[in-house]
Amino acid sequence: MRIGFIGAGRVGFTLGKYLREHGADISGYYSRTAEHAKEAALFTDTRMYDDPDKLIKDSDCIYLTVSDNAIEPCFRELDSKYNLTGKIICHTSGAMSSKAFADSKHEVYGYSVHPNFAVSDKLTSYLNFRNAFITIEGSHQHLGEIVEFYKNLGFHVGVISAESKPKYHAASVFASNFVCGIYGTAVRLLTECGFSDESAHLALKGLFLGNATGVAENGPVSQLTGPAERCDTKTIKKHLKVLSEQDAELYKLLTSETLTLAKEKNVDRDYSALESLLAAK
């Protein structure tokens, strides 16, 4: 299966580089910005295409590694101008399904192939890309082939339905993007205590990394500590007293979710006092 990329951003760079280094047959890259395609081709030791038709003809499988809002318009344009018959068409969106390729003029096989991984840098993210979990959804005809392709590269792979994609992606946002927001809140609160940004990050780094490793390896219930887990309402009242109204609301929402884990960890502990505190206006 020869793979071509239309779109040369962070995911296109990372996926192409990783696949190329692990023996996949990559035809090359096309991008509306020729310089981007050239850079990606050099990075992956493949070919830059100045015409999408040439890339399509040279590829069995085409990945549209463009932004989410560009996937459908990009596909519609390709579908109207070029012969896609028999091609496997993939996008890498976490939220969108393969229905983005519905109603094609040609007989195509559409898939969403989402690497559940934070691709933060187009030149270095491939180095740890083996840690990605690949979630696949789409046409049954080549589904098994694509699953085996990624399994043979050493990835953990999951298959889900089109209907599950939005909730699946929401789960990823909770585990990734929202963590950044919560960490940013912690940094801000420390700066309000007189820490510099640098010292705030230093103060939180060990705590954050140790906890993240523990959650990833042992699960959130096992890793859970802190005042909610102990049902320490006295400490929690102190926290709520010094926080702004907005921060206090966030704190209470997160404590409520943490309480669910605490009850699972300590089935014999009485959390009624904490529940009453959280319910109070």
*Taking atom CZ of R269 as the centre, does the number of heavy atoms from other residues, nucleotides or ligands within less than 6.0 Å exceed 12?*
yes
*Sub-3.5 Å donor-acceptor pair from the side chain of T235 to the main-chain atoms of D232, do we have one?*
no
*Exam field: side chain S31 to backbone A34, donor-acceptor pair closer than 3.5 Å*: no
*Taking a hydrophobic cluster as the set of Ile, Leu, Val, Met, Phe, Trp and Tyr residues connected by side-chain heavy atoms closer than 4.5 Å, whether directly or through intermediates, do L153 and V113 fall within one such cluster?*
yes
_Test log, rule ring pair (Phe, Tyr, Trp, His ring centres under 6.0 Å), inputs H106 and Y82_ = CA-CA 9 Å; H106 305 92; Y82 310 110; 9.6 Å; no
_Pair V108-T85, side-chain contact (heavy atoms from CB on, under 4.5 Å): steps then yes or no_ = CA-CA 6 Å; V108 300; T85 300; over 6 Å; no
*So how far is it from D50 CG to K38 NZ, rounded to the nearest 0.5 Å?*
12.5 Å
_Nearest 0.5 angstrom please: T65 OG1 to I6 CD1, how far?_
8.5 Å
*Do T185 and L250 touch side chain to side chain, with heavy atoms closer than 4.5 Å?*
yes
_F101 with Y63, same ILVMFWY side-chain cluster at under 4.5 Å_ = no
*Determine, stepwise, if the pair I56 / L84 fulfils side-chain contact (heavy atoms from CB on, under 4.5 Å).*
CA-CA 7 Å; I56 290 167; L84 301 179; 3.7 Å; yes
_Could you check whether S27 and S59, counting side-chain N and O atoms only, form a donor-acceptor pair closer than 3.5 Å?_
yes
*asked:* Under 3.5 Å, is there a donor on one side chain and an acceptor on the other for S80 and K105?
replied: no
_Short side-chain to backbone donor-acceptor contact, S125 and S120, under 3.5 Å_ = yes
*Check whether any side-chain heavy atom of M96 lies under 4.5 Å from a side-chain heavy atom of H91, and answer yes or no.*
yes
*asked:* Ring centroids only, cut at 6.0 angstrom: are F208 and Y183 within range, meaning strictly under it?
replied: yes
*Side-chain donor or acceptor of S196 paired with backbone N/O of S199 under 3.5 Å*: yes
*Using 4.0 Å as the upper bound for N to carboxylate O, is an ion pair formed by D53 and K57?*
yes
*Has the side chain of T213 got a donor or acceptor atom that lies under 3.5 Å from a matching backbone atom of L209?*
yes
*Is there a side-chain contact between I62 and C90, using heavy atoms and a 4.5 Å cut-off?*
no
_Nearest 0.5 angstrom please: I146 CD1 to Q141 CD, how far?_
10.5 Å
*Can T135 and N116 be counted as having a side-chain donor-acceptor contact under 3.5 angstrom?*
no
*asked:* What's the separation between atom CG in L64 and atom CD in E72, rounded to the nearest 0.5 Å?
replied: 11.0 Å
*State, yes or no, whether a side-chain contact exists between F5 and I3 at a heavy-atom distance under 4.5 Å.*
yes
*How about E257: does its CD atom have over 12 heavy atoms from other parts shown lying under 6.0 Å from it?*
no
*asked:* When you group the ILVMFWY residues by side-chain heavy-atom contacts below 4.5 Å and let the links chain together, are Y168 and V11 in the same group?
replied: no
*Side chains of T255 and T258: donor-acceptor distance under 3.5 Å anywhere?*
no
*What is the ring orientation for F133 with H156, classed by angle as parallel under 30°, tilted 30 to 60°, or perpendicular over 60°?*
parallel
*Pair T46-T44, side-chain donor/acceptor within less than 3.5 Å*: yes
*Do Y111 and H142 have a side chain donor and acceptor closer than 3.5 Å?*
no
*Taking the side chain as every heavy atom from C-beta outward, state whether Y109 and C61 have any pair of such atoms under 4.5 Å apart.*
no
_A side-chain contact here means heavy atoms from C-beta on lying under 4.5 Å apart; do K17 and F43 qualify?_
yes
*Salt bridge check: are K99 and E137 linked by an N-O gap of less than 4.0 Å?*
no
*Would F75 and I88 show up in the same hydrophobic cluster when neighbours are defined by side-chain heavy atoms closer than 4.5 Å?*
no
_Could you measure the distance from the OH atom of Y126 to the OG1 atom of T14? Nearest 0.5 Å is fine._
9.5 Å
*Within-4.5 Å side-chain heavy-atom neighbours: K151 and E148*: yes
*Has the side chain of Y271 got a donor or acceptor atom that lies under 3.5 Å from a matching backbone atom of T260?*
no
*Would M1 and I89 show up in the same hydrophobic cluster when neighbours are defined by side-chain heavy atoms closer than 4.5 Å?*
no
_Working for salt bridge (charged side-chain N to carboxylate O under 4.0 Å, His left out), residues E275 and K263_ = CA-CA 11 Å; E275 289 174 321; K263 288 179 178 180; 2.3 Å; yes
_Between the side chains of D25 and R20, is the shortest nitrogen-to-carboxylate-oxygen separation below 4.0 Å, so that they form an ion pair?_
no
*Distance from S222 atom OG to E264 atom CD, nearest 0.5 Å?*
10.5 Å
*Is any side-chain heavy atom of R47 less than 4.5 Å from a side-chain heavy atom of L55?*
no
*May I ask you to check whether over 12 heavy atoms, not counting those of R2, lie within 6.0 Å of atom CZ?*
yes
_Aromatic ring proximity F129/Y18, centre distance under 6.0 Å_ = yes
*Lys/Arg N to Asp/Glu carboxylate O, K87 vs E107, below 4.0 Å*: no
